[in-house]
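I have placed the structure first, in the form of C-alpha cells, so that the comments after it can refer back to it.
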Amino acid sequence: MKHLLQILFWIGMQASVYSQIQIFDFPQNLHFYVREHNEPTFPVPIKIVSNDSLLLSITCASAGGQIINRDTLYSKSNGLDTVFALKADTVLYHFTLYNRNNTNIILAKADSVVCGDVLLANGQSNMLAETFPMGSMNGIKSTWIRSFGNATFHSNYIYDTSFYVAQSNTIHDKGSVGCLMYYLAEELVRSEGIPIMVLNGAEGGTRISQHQKSSSIYQRLLYRATKSGVKNRIKAIIWYQGENDVDSGHVDYNKHFESLFYDWQDDYGHTPIFIVQIRHGCLGTQPFVYHRYLRSIQNDLSTILPDTYTLPSLGYYDYDGCHFYNSGYQQLAVTLHKTIHPVLYGEKLASILPPVVKKMELVAPYTITLEFTTPLMLKDTLLANGQTIYAKDVFFGDSDFSTPIVDSYHIDNQYLTLRFKDYIGIPDTLWYTPERSYHSDHNSIFEGPYLYSTTGIPANSFCLNLKKEIIQIQPSITKLSQNDTSCTIISNSNGKLMYNTGKVIEQLTIFENTPKMVLFRPTSEIHSFYMFNYIGKKSNVIYILTPVLMDDTENKTYREILRDKRIYDINGNRVHERDDVPHGLYFRFNKQAIVK
C-alpha cells in the first residue's frame with residue numbers, strides 16, 4: 001500500500017546531524033499482502049527517498065521465531081526503490097530499515113508481514129456471531145488469520161487503517177471476523193498452507209435492502225477493502241443473510257441480490273460468490289412466515305447468476321433455532337470448506353457440491369423419480385423431542401406443511417423415487433423440508449432427517465414445480481360428450497392408462513415399433529368414448545401422437561389388414577391367428593409433435 005510518511009530522525013546522540021527520509025512504499029506491522037491468481041509470491045514494492053545510504057534487513061521466520069532466511073538490501077545515497085518477492089506461505093517476514101552508517105538507529109520497522117488470500121464476508125447475525133448464543137472460543141487466535149480495520153461505525157474507529165491478527169470472540173472490534181469465518185479461514189489455512197485475511201462487514205438484524213451499495217454497511221466494507229489494498233484481489237465473497245426477509249418483503253429478495261451481485265462485480269471484480277441458505281427458525285411468527293419461499297429464492301440464485309453457489313446450513317445439530325452454538329459454526333465451516341475450497345483452488349466439483357435435482361420423471365401412477373447430481377443417502381428415522389420422525393415425512397405438497405404427502409421412498413445411487421399417497425396424488429409443487437417446524441410438533445424447530453450426498457454434503461432445501469416439469473408432458477384424455485370436459489392421465493404404465501383417481505379407465509393394445517394404431521376397449525365402468533394421446537419413448541425422444549377415430553368402413557378395413565400383421569394384446573402377447581384379432585374400436589395415429 002502506497003503511503004507517504006515524512007519522518008525526521010534526530011541522531012544527536014550519535015552524530016551532530018539529522019537524516020531526513022520519505023517513505024512512499026513500506027509494509028505496516030502485521031501487513032497482509034494478497035497474491036494474484038494463486039501465484040506463489042507477491043512483489044512487495046519498497047520505495048524510500050533519503051539523503052543518506054540505507055540498509056534494509058528482511059528476515060523470514062517461522063511462527064515460533066526460527067530464522068528461515070535473511071536478506072539485506074543496501075542503498076548508496078538516494079534511498080531504495082526495489083521490489084521484494086514475498087512468499088505466500090505460513091512464514092513471517094520482518095522488515096527493519098537502518099541508517100547504513102549507523103545500524104543502531106532503526107528508521108522504520110514492520111513485523112509479522114504475510115502473504116495469502118482474502119475473503120469478504122457479509123450478512124447478518126449468523127455471519128457476525130462470536131460467542132452467540134452461548135459458549136466462547138476463549139480468544140483463540142492464529143497469526144495466519146488476519147483482518148483490517150474495524151466494522152463499527154463509531155467515530156473513534158471508523159478510520160482505523162491497521163492490520164490485526166483476527167479474533168473470533170468479539171464483534172465490532174479490532175480484527176473481529178466472527179466464529180463462522182474464523183473457522184472457515186482456519187480450514188483454508190490448513191488445506192492450502194497460506195495465511196487468510198477476512199473482512200467481515202455483517203450487521204445483525206438487517207434486511208438485504210440495508211446492504212445495497214448506497215448503504216453505510218456496503219460503503220464501510222468497501223472502504224476497508226480499498227484502504228487495505230486488497231479490493232481488486234478478493235478471492236471470494238461469502239453471504240449469509242435472509243432471516244429478516246422472511247416476511248412479505250421476500251418477493252423483492254431476488255431483485256436486491258442481483259443488484260448486490262453486479263455492484264460487487266463493479267467494485268471487486270469477477271469473484272466467486274457463495275450464498276449460505278438460511279436455516280429453519282428465526283422469527284417464526286407473523287409476519288415472518290415465508291421461510292420456505294426465501295430458501296427457494298436463495299437456492300435458485302445459483303442457477304441465475306454466474307459463479308454463484310448456494311450452500312446449505314442444514315444438517316448440523318448444535319443449533320438453538322436461530323443461531324448455532326460454537327461447535328455448530330465449526331461443523332458448518334468444515335462443510336463450507338469442502339465446497340468452497342475446490343471452487344477456489346481448481347479441484348473437481350462433482351462430488352463436493354450439494355446434491356441438486358437435475359431431472360424429474362413420472363415413472364408410475366403417483367410415483368416420480370428425482371435424479372440428483374450426486375449419489376444420495378437419507379437416514380430413515382430421527383428421534384426429535386421423543387417423537388420418531390420418518391424420512392418420508394420431510395416432503396410436502398403445495399403450501400400444506402401439516403400433512404406429509406409421501407407414502408414411501410427409495411434411494412438408488414443418485415435417484416430418489418417418491419410414491420405419493422393415493423388420496424393426495426401428485427402435487428403441483430413439491431417442497432423438501434417444511435416451513436419452520438415439524439408437522440407433528442409446531443413448537444419444535446425442524447432439524448431433520450436430511451438428505452445428504454454420500455460424501456456428507458447436505459442438500460439445500462428446495463421446491464420443485466411438478467406441474468410445470470412433469471404434468472404438462474403427460475398424456476391427456478378428452479371425453480367425447482356434449483359437454484366436452486377434460487381430465488388428466490397420471491401414467492401410461494404396463495399398457496394401462498390411469499386416471500388421477502388411480503382407476504383404470506381403458507386398456508390398450510400397443511403395436512410393435514412406433515404405434516400407428518391402438519385398440520380401444522372401454523372398461524365396464526366407462527360408457528363414453530375417449531380420445532387420448534399416447535406417449536412413447538425411443539432414444540430419449542418423446543413422440544406425442546394424436547389418435548383419429550376411424551369410421552366403420554375404415555375400421556373394418558384395418559381389422560382385415562391386422563389378421564396378417566404382428567400385433568400384441570394387453571399382456572404383451574403376440575397375436576397371429578385370424579380368430580385372435582381383438583375386437584373393438586381402432587384409432588389411427590397421426591404424429592403431432594416431437595419433444596426432446
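Every value quoted in this text rests on a predicted model; they were computed, and no experiment measured them.
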Distance-only polar pair, side chains of [X] and [Y], donor-acceptor under 3.5 Å:
X	Y	result
N29	Y164	no
T369	T417	yes
Q28	S162	no

Thinking salt bridges, do [X] and [Y] make one under a 4.0 Å N-O criterion?
X	Y	answer
D247	R207	yes
E192	K235	no
K231	D267	no

Original post:
Only one of Y218, W239, F257 clears ring-ring contact (aromatic ring centres under 6.0 Å, His included) with H211; which?
Top reply: W239
**OP:** Apply the side-chain contact (heavy atoms from CB on, under 4.5 Å) test between W264 and each candidate in I237, L120, L222; give the one that qualifies.
**Re:** I237
What pair of heavy atoms forms the shortest contact from [X] to [Y], and how long is it?
X	Y	value
T374	Q414	O-CB, 3.3 Å
Y329	S125	OH-O, 4.5 Å
Q331	D318	NE2-OD2, 2.7 Å
E447	R279	OE1-NH2, 3.3 Å
Y268	A225	CE2-CB, 3.8 Å

Subject >> Partner set under side-chain contact (heavy atoms from CB on, under 4.5 Å) for V334, not counting sequence neighbours >> reply: E187, K338
